[in-house]
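Along the sequence shown, the residues carry numbers beginning at 1. Worth knowing before you read on, the calculation uses all heavy atoms, side chains too, and leaves out hydrogens, waters and symmetry mates.
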Amino acid sequence: MALKVINKKKELNSNTNTWYLIPVKEDDSGYKDTFTLYYERDYLGDIKVFYPGKIKDKNLVNDIKERIKNKSELWFIPVDTLMHTNLAFLMNAFEDMGMDLNWYLNQLKLNKLFDIFYFKDKFDTNENQFSDDLLTKSILREDNHQHLKSALDLCKLGSIYDLENKFSIIDFLNPIFYERNIGDKLFEQKKLNFLKQLLNKLDDIDRDSFYLTIGQYLSKNPEKANEVIIEFLHKIFNEEDNDELRACLGQIINKDLRKVISDVVEIRNYLKVDRNKIPDNSLGQYTSVSTLKYLINRNKTNKPCLRLTNSNQMNDPLEGKALRKFLGLTINSNTDYIKSNEFVSSASATLDSLPMWKQYGNDAKGLCLVYDNEYLNELLDLEKTDVKLFRVVYFEEGGKVLVSKFKGESSQEVKNISDKILKKLEDIKVTFQKIKYKKYKKIGLKVVSSIFYLFKSLDYAYENEFRILMKMDTKKEDQVKVDIVDEQYLLHTYTVDKKNHPIIIKYSKVILGPKAIDIDYIAPYIKLCQPDIKVIKSGIHYR
């Protein structure tokens, strides 16, 4: 077994029992101390690495390589809870092979690599040997990128050890350690104050992970869910927007509600598009010529990103209503408004269509911008972004379903998806009729409303639309912009990766509408900005 610093993912090697650190290019307060941690080819997450003694250079790579060579101590703290969530999946795999759960800690010890949470006592003993500047300015500073700082504060306060001093904060965030070390110890009335203290200390993202860990434990051990915990989970369910969390908690709360949640999750999975299955030059957006300067330009410091609209404010006010009527769902205007934290952009797989030119291309005087596939591949890389691509369902109240398709895609494959979705919708309709408790109906409506934006009237099937989705957690709400137009408050945002870096939009082709001005008055500008973009005229003759 070994620990290595490498430069690129292609250097990762399976079946070597090796841990790899890959430097992240960005710095933090001048320090290049962030690395991506892999075990063999298994991605764990980003960590900040530090060590006792004098810092020779703010770029820690050479020092770390030297310390590995000399078998000196290295320390790390995860950038966020993703690292320990991924670790849980890895350890599940090892447990299935009969390996001891202490494997992780033993591996770290042998490589002189210490996780600050699992080796907290050792950290406390050695803390005065670490660079104060590095710790306070980069490693342990509290900001949007350091979600676990508050968790470390809890460890230092000692409050996290209330239950027999046997576990640390990460035990709450790693399902395996939770089940082994905590289990149902919290599920008593007298422990709720401790639980609330813990939750008040945690960041939003970590709190979601904690809820999910409890939910996963109770899904496997439903007999542990007493009335106190059920009430607690109801409160979480009503307040949180995380689909995975809702699905998990729904398994504990009510079997009919669980069925609705499961069906909604499956519908989303049927409609989600694998980025590796998107044909080249297959998706584009229609727009007017006046927007071209914003979408394609030479501004090196302000490159354009894809603009996304809040899903509740998409263009068609009838979206989702046919589905709602089919399912027999009504929204009482006296009840609280159902907020959406999902932001959407529309794309079409029909790239030179007269109805589309007339409706979205400024009456055929506009443009159709075709997305570059490398850009889409980067945009939909779920290791780096929270952006997904979905088909749109064209739905008729009587029950007819069509889904959008790529050019050349098998009609039978698309029909299979349509048939599965219709079956799930019929199941949801039947299940909703079984739910009597108003509170469960309200939760179910909230769950189903999370897919309304993926359904449109069958009358719009000619659009052949796909939707690009980015979900906004509360930590990113400062990135939501508001335009006030005719007393309407319109919400939008732009695509960023998980580290809040902008994802620059790129096109492979521009199609000029049938009635657009002469190509000589547009193409030179496009070629000046991006010489590799293909510029052509629509093949449709229209006056």
Side-chain angles (χ1 to χ4, degrees), residues 237-238 240-251 256-274 308-331 337-347 380 382 386-397 399-405 414 416-432 435 440-458 460-461 463-473:
F237 205 109
N238 288 332
E240 299 298 323
D241 291 323
N242 186 311
D243 286 340
E244 184 184 9
L245 176 60
R246 244 193 236 125
C248 186
L249 298 186
Q251 296 179 39
D256 293 325
L257 184 58
R258 176 174 74 239
K259 180 69 167 67
V260 170
I261 293 170
S262 173
D263 287 340
V264 168
V265 169
E266 286 196 51
I267 288 173
R268 288 176 71 99
N269 288 338
Y270 291 146
L271 296 176
K272 186 181 167 199
V273 179
D274 185 330
L308 306 170
T309 302
N310 186 266
S311 66
N312 282 351
Q313 297 178 332
M314 297 301 288
N315 292 334
D316 181 3
L318 298 177
E319 287 185 16
K321 288 190 177 178
L323 174 60
R324 212 156 51 219
K325 194 170 182 181
F326 172 78
L327 295 175
L329 305 178
T330 57
I331 296 179
Y337 177 78
I338 298 177
K339 170 179 172 269
S340 172
N341 65 343
E342 293 176 313
F343 286 74
V344 177
S345 178
S346 296
L380 302 172
L382 294 181
D386 294 313
V387 184
K388 299 173 184 176
L389 180 69
F390 292 91
R391 300 175 191 268
V392 166
V393 180
Y394 297 99
F395 184 78
E396 194 174 59
E397 190 182 325
K400 186 175 181 180
V401 167
L402 292 175
V403 299
S404 53
K405 59 178 287 190
V414 175
N416 289 342
I417 296 173
S418 300
D419 291 345
K420 288 177 181 177
I421 287 171
L422 181 57
K423 174 65 168 61
K424 288 296 173 188
L425 293 177
E426 290 170 343
D427 288 349
I428 292 172
K429 183 177 182 178
V430 171
T431 306
F432 252 103
I435 299 176
Y440 289 143
K441 277 190 179 290
K442 184 178 177 182
I443 294 171
L445 176 59
K446 191 172 183 181
V447 172
V448 175
S449 71
S450 71
I451 58 170
F452 279 168
Y453 66 91
L454 295 177
F455 285 78
K456 299 187 76 168
S457 167
L458 192 65
Y460 292 93
E463 294 179 349
N464 198 20
E465 186 179 346
F466 289 72
R467 291 200 156 167
I468 298 167
L469 164 78
M470 185 168 73
K471 197 163 188 175
M472 301 287 287
D473 61 46

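- Residues satisfying the salt bridge (Lys or Arg N to Asp or Glu O under 4.0 Å) test with Lys400, not counting sequence neighbours, are none.
- Note that CG of Leu308 is 5.0 Å distant from CE of Met470, once rounded to the nearest 0.5 Å.
- Between Lys259 and Asp263 there is a salt bridge, since a side-chain N of the basic residue sits under 4.0 Å from a carboxylate O of the acidic one.
- For the pair Leu425/Phe395, a side-chain contact is recorded, criterion being any heavy-atom separation below 4.5 Å from C-beta on.
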Practice item. Determine, stepwise, if the pair Asp386 / Lys471 fulfils side chain to side chain contact (heavy atoms under 4.5 Å, CB included). Key: CA-CA 7 Å; Asp386 294 313; Lys471 197 163 188 175; 5.5 Å; no
Practice item. List the steps and the verdict of salt bridge (charged side-chain N to carboxylate O under 4.0 Å, His left out) for Asp419 and Lys423. Key: CA-CA 6 Å; Asp419 291 345; Lys423 174 65 168 61; over 6 Å; no
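- Residues Tyr394 and Ser457 approach most closely at CD2-O, 3.5 Å, considering heavy atoms.
- The salt bridge (Lys or Arg N to Asp or Glu O under 4.0 Å) search around Asp256 returns none, not counting sequence neighbours.
- The shortest non-hydrogen separation linking Tyr453 to Arg268 is OH-NH1, 3.6 Å.
- In this structure a side-chain-to-backbone donor-acceptor pair under 3.5 Å is present from Arg391 to Ser404.
- Taking 4.5 Å as the limit, every side-chain heavy atom of Val392 sits out of range of all side-chain heavy atoms of Tyr460.
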Practice item. Begin from the C-alpha positions of Glu342 and Ser311 and carry the test side-chain hydrogen bond (donor to acceptor under 3.5 Å, both in side chains) through to its verdict. Key: CA-CA 6 Å; Glu342 293 176 313; Ser311 66; 4.8 Å; no
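- Considering CZ of Phe432 and CG of Asp427, their distance stands at 13.0 Å, rounded to 0.5 Å.
- Using a 4.5 Å heavy-atom threshold, the side chains of Ile267 and Ile428 count as touching.
- Across all their heavy atoms, Ile417 and Tyr270 have their closest contact at CG2-O, 4.0 Å.
- The two residues Ser450 and Val264 make their nearest non-hydrogen contact at OG-CG1, 4.1 Å.
- Taking all atoms of both residues into account, the shortest heavy-atom contact from Lys429 to Leu327 is N-CD2, 3.8 Å.
- Using a 4.5 Å heavy-atom cutoff, the side chains of Val273 and Leu380 are not in contact.
- At a threshold of 4.5 Å between non-hydrogen side-chain atoms, the residues Leu454 and Leu469 do not count as touching.
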